[in-house]
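For reference, the structure discussed in these notes is given below.
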Amino acid sequence: MKLLDKYNRVNIAVTVVIMLVTGIIYYYTISHILTGQIDKDLVLEEDEVFSYVNRNHRLPDVYESNHQQIYFTALGDKRIKRRFLDTVYRDAVEKDLEAGRALISTVNVSGKNYRILVTQSKVETEDLIRIIFMITICVIVTLLVILIVLNRVILKSIWKPFYKILNQLKEFSLAAAANITSTPSQIDEFNELDKAVITMAERVKTDYQNLKAFTENASHELMTPISVINSKLDTLVQTGEFSDKQSKLLNDIYGTVTRLTRLNKSMLLLAKIENRLIDDDQEIEIKEVLEECLYQYEEMILQLNIQLNTSFQDKKLRTSKSLLEILLNNLISNAIRHNYQNGKLTLNLTPESLTVSNTGNGIFDFGQVLKRFHKSDRSEGIGLGLTLCKQICDNYGYKLNYRYIDDLHTFTVSF
Amino acid sequence: VKILIVEDETGLRESIEAYFTGSDSICETASDFTSALVKVSLYRYDCIILDLTLPQGNGLEIVRHLKTNRHNDGILIISAKNSLDDKLTGLDLGADDYLTKPFHLSELKSRVMAIVRRKSFNGNDILKFNEIDVDLTAKTVSVNQQPVKFTRKEFSLLLYFIANQGKVVSKSAIAEHLWGDSIDIADNFDFIYSHIKNVRKKLIEAGGNDYIQAAYGMGYKFSEA
């Protein structure tokens with residue numbers, strides 16, 4: 001739920017309850033006051049009857065004034081308790097029943113008791129209450145509407161900087177060049193948030209840059225000792241006879257140094273691609289690069305007896321040749337290395353996309369594979385291949401997709 | 001063949017020197033910018049192996065110096081910086097080739113020999129080794145004047161061996177030379193054997209000698225007898 005809605009909901013619920021409670025209290029208070037007023041009128045009438053009886057020693061004539069009626073009934077020796085009561089009032093003119101208030105009392109005229117019943121219509125009182133009630137309702141409704149609209153408008157404009165900051169945070173990317181820009185606001189909290197977000201973004205970016213620079217520098221620095229080891233090994237093998245045991249050891253060292261070199265080169269390359277330091281962009285016919293790449297793998301394809309199907313249409317791309325080679329090399333080498341004897345490999349190049357699909361063992365989680373240094377148990381690679389592919393595709397705005405359909409692992413690069 | 005090695009990393013400089021000295025090559029070394037500049041000003045070399053990051057200066061300045069003085073020495077840049085800018089600037093300035101560290105000494109030798117050949121043969125692009133003639137332009141091989149059909153990889157392999165004759169060339173180096181460094185080398189060890197077997201077979205069938213020997217299971221050696 002949005003803060004605005006939540007706030008409005010609570011606000012309005014509380015307002016309505018309070019208004020209703022006050023309305024009810026209001027109603028009863030006014031009703032009580034007005035009934036008191038009528039009761040006074042009734043007492044006045046009673047007093048008039050008493051004074052008339054005192055003066056004339058007989059009952060007054062029964063008359064009917066506006067909204068007031070009076071009746072006398074002989075009681076004999078009994079007396080009845082004086083009381084007020086709510087009753088109905090029969091309007092003689094309009095001949096209908098109205099709500100009324102009555103006073104029952106007793107008067108003694110020359111030793112005989114009479115019951116006095118004075119009734120007064122409450123129509124006017126009720127009309128008054130109704131009007132007051134209507135006005136109150138109107139006020140409540142108007143207040144509510146104004147409250148909702150005002151809340152909405154004010155809150156919207158007040159929260160604008162917040163949403164702007166939020167949007168910037170959503171779009172924040174470490175790799176992107178754009179920074180988070182300042183969002184000035186008249187509200188201290190938002191200004192503080194803005195400052196905190198900007199500081200955080202800058203700090204994170206700096207840290208990330210440092211880390212990337214470190215990776216690149218570390219890989220660079222490692223190259224020199226690796227090349228010394230490499231050259232010393234090359235020199236060592238020239239020195240003469242080796243026993244089987246020694247040559248096995250030397251072979252292992254060679255293999256390890258080669259792996260170390262590849263690992264280091266891949267890391268350096270990844271750092272460079274991320275920093276967009278490779279910019280030897282040129283027009284390249286993809287078909288040619290693909291054919292060269294397949295030539296590199298011809299022995300493996302032959303050995304595994306892989307059925308190779310290719311369909312290449314002309315497609316030129318403006319891109320880095322070295323990166324395109326790495327991308328295609330990795331895709332094809334994966335497709336061959338994870339293939340099985342007598343498997344299939346299909347390469348399809350159209351002006352829109354390149355598809356590499358191959359038979360292979362097992363299904364894998366594409367998301368996992370994209371992580372650095374992830375590799376399957378059987379893989380002899382260094383686990384950076386697909387990470388490199390993804391990074392290259394990201395840099396040039398290509399899409400790299402993976403699907404597993406009909407026992408075929410299918411990678412698609414959409415240009 | 002006279003070669004100058006300009007490299008500040010002692011270990012690497014010594015290895016290169018040891019690998020290149022002998023047979024028909026003479027090596028000189030320089031470990032910093034100034035001494036390298038002095039040497040290239042005083043003497044001429046068939047090929048200069050030049051590291052770019054040197055104490056006291058940038059190796060590219062040496063390339064510039066050689067070119068402004070119209071010296072025709074072959075130049076091979078070796079650099080740990082696999083930076084394309086350096087590579088392009090170096091080649092633009094007139095360097096003949098560029099090799100990124102780390103490299104195999106056999107690869108370096110094969111590149112240097114290619115430069116030396118280009119500089120000295122002047123258009124006559126036939127490389128002779130006893131009864132074997134390699135036409136570098138047409139990329140053909142003949143033994144005893146009889147043409148022998150070589151595939152692209154076999155041709156490249158033969159040339160690599162001739163450049164490194166008398167040396168043990170490791171399988172890693174061969175794999176890297178044939179398939180490039182973007183390909184996982186261990187995958188290809190089995191194929192090296194079959195390519196070498198083919199080269200040997202073709203040379204022997206055409207009446208040539210068997211020059212290639214396996215060396216302690218680590219690599220191969222191309223040498224006379």
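B:I78 does not touch chain A: none of its heavy atoms, backbone or side chain, sits under 4.5 Å away. Of the two parts of A:E221, neither the backbone nor the side chain holds a non-hydrogen atom closer than 4.5 Å to a non-hydrogen atom of chain B. Only the side chain of B:Y19 comes within contact range of chain A, with heavy atoms under 4.5 Å apart. With a 4.5 angstrom heavy-atom cutoff, B:R152 touches chain A via backbone and side-chain atoms both.
How far CG of B:L178 is from CD of A:E299: 8.0 Å, rounded to the nearest 0.5 Å. Distance check: B:L12 CG to A:I226 CD1 gives 12.5 Å after rounding to the nearest 0.5 Å. Put simply, OG1 on A:T261 and NZ on B:K101 are 13.5 Å apart, with the number rounded to the nearest 0.5 Å. Atom CD of B:E7 is separated from atom OG1 of A:T224 by 8.0 Å, given to the nearest 0.5 angstrom. To the nearest 0.5 Å, atoms OG (B:S79) and CE (A:M223) are separated by 10.5 Å.
Exactly one of A:V237, A:N230, A:D234, A:T258 qualifies for a side-chain contact (heavy atoms from CB on, under 4.5 Å) with B:S170. That residue is A:D234. For the side-chain contact (heavy atoms from CB on, under 4.5 Å) criterion with B:M218, the lone passing option out of A:L250, A:L236, A:L249 is A:L250.
Within a 6.0 Å sphere centred on NZ of A:K344, heavy atoms belonging to other residues, nucleotides or ligands number 12 at most. Within a 6.0 Å sphere centred on CD of A:Q282, other residues, nucleotides and ligands contribute more than 12 heavy atoms. Taking a 6.0 Å sphere around NZ of A:K287, one finds it holds more than 12 heavy atoms contributed by other residues, nucleotides or ligands. Around the CG atom of A:D244, the shell of radius 6.0 Å holds no more than 12 heavy atoms that belong to other residues, nucleotides or ligands. Shown here is A:Y295, whose OH atom has more than 12 heavy atoms of other residues, nucleotides or ligands within 6.0 Å.
Shown here for B:K153 and A:E298, the closest heavy-atom pair between the two residues is NZ-OE2, 3.4 Å.
By the side chain to side chain donor-acceptor pair (under 3.5 Å) test, A:S227 is found to be paired with no residue, residues two or more places apart in sequence or in another chain being considered. Annotation: side chain to side chain donor-acceptor pair (under 3.5 Å) contacts of B:Y45 (sequence neighbours excluded): B:E28.
Per-residue heavy-atom pair counts under 4.5 Å with chain A were compared for B:H195, B:K221, B:R13, and the maximum is reached by B:H195. Of the listed residues (B:A18, B:P102, B:G11, B:G166), the one with the most heavy-atom contacts under 4.5 Å to chain A is B:P102.
Counting only heavy atoms from C-beta outward, the side chains of A:Y254 and B:H104 approach each other to under 4.5 Å.
Contact check on B:E9 versus A:K232 returns no salt bridge, with no Lys/Arg side-chain nitrogen under 4.0 Å from an Asp/Glu carboxylate oxygen.
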